[in-house]
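Keep in mind it's a predicted model, so treat the numbers as computed, not measured. Scope of the values below: all heavy atoms of this structure, side chains included, with no hydrogens, waters or symmetry mates.
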Amino acid sequence: MAYCERCGKYCADHYTYCRDCYYLLGSPFGMAVKRGHKCRKCGVTIHGRYNYCMDCAKKKGFIKNSY
């Protein structure tokens with residue numbers, strides 16, 4: 001659970017601003033990846049807009065290795 005850095009309302013774990021503030025600020029590029037959040041499967045801290053770490057994403061079949 002995370003809170004907007006501008007107004008304090010609830011927002012998704014991997015976002016910096018709630019939806020209203022995000023659009024009010026003109027959709028600031030790159031701001032959603034600043035906050036670390038936990039992988040949904042193993043709990044390791046990750047950054048970015050992903051729900052799973054690389055290891056868990058590979059195990060679930062989201063990432064296919066070509067090498």
Side-chain angles (χ1 to χ4, degrees):
M1 183 150 125
Y3 296 96
C4 176
E5 289 186 1
R6 183 174 179 267
C7 70
K9 288 188 343 187
Y10 169 78
C11 61
D13 287 338
H14 55 286
Y15 288 104
T16 307
Y17 301 108
C18 67
R19 180 176 288 187
D20 296 334
C21 291
Y22 182 77
Y23 290 116
L24 277 173
L25 294 170
S27 304
F29 177 74
M31 298 303 286
V33 297
K34 285 191 343 187
R35 179 182 292 135
H37 59 282
K38 296 191 181 291
C39 171
R40 287 187 177 181
K41 184 167 171 119
C42 69
V44 70
T45 301
I46 55 176
H47 296 274
R49 295 178 183 228
Y50 305 106
N51 293 319
Y52 299 99
C53 66
M54 291 293 283
D55 291 334
C56 293
K58 285 179 187 175
K59 289 176 188 173
K60 291 181 95 34
F62 295 133
I63 299 173
K64 307 244 186 296
N65 285 341
S66 60
Y67 51 91

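- A search for side chain to side chain contact (heavy atoms under 4.5 Å, CB included) contacts involving Leu24 returns Arg6, not counting sequence neighbours.
- A pairwise comparison of heavy atoms in Cys4 and Cys11 identifies N-SG, 3.7 Å as the closest pair.
- Taking all atoms of both residues into account, the shortest heavy-atom contact from Tyr52 to Ala57 is CB-N, 4.1 Å.
- Nearest heavy-atom pair across Lys58 and Ile63 is CG-CB, 4.0 Å.
- Put simply, NZ on Lys38 and CD1 on Ile46 are 10.5 Å apart, with the number rounded to the nearest 0.5 Å.
- The salt bridge (Lys or Arg N to Asp or Glu O under 4.0 Å) check on Lys9 picks up Asp20, with sequence neighbours excluded.
- In this structure, Cys42 and Cys53 approach most closely via the heavy-atom pair SG-SG, 3.7 Å.
- Annotation: side chain to side chain contact (heavy atoms under 4.5 Å, CB included) contacts of Arg19 (sequence neighbours excluded): Tyr23.
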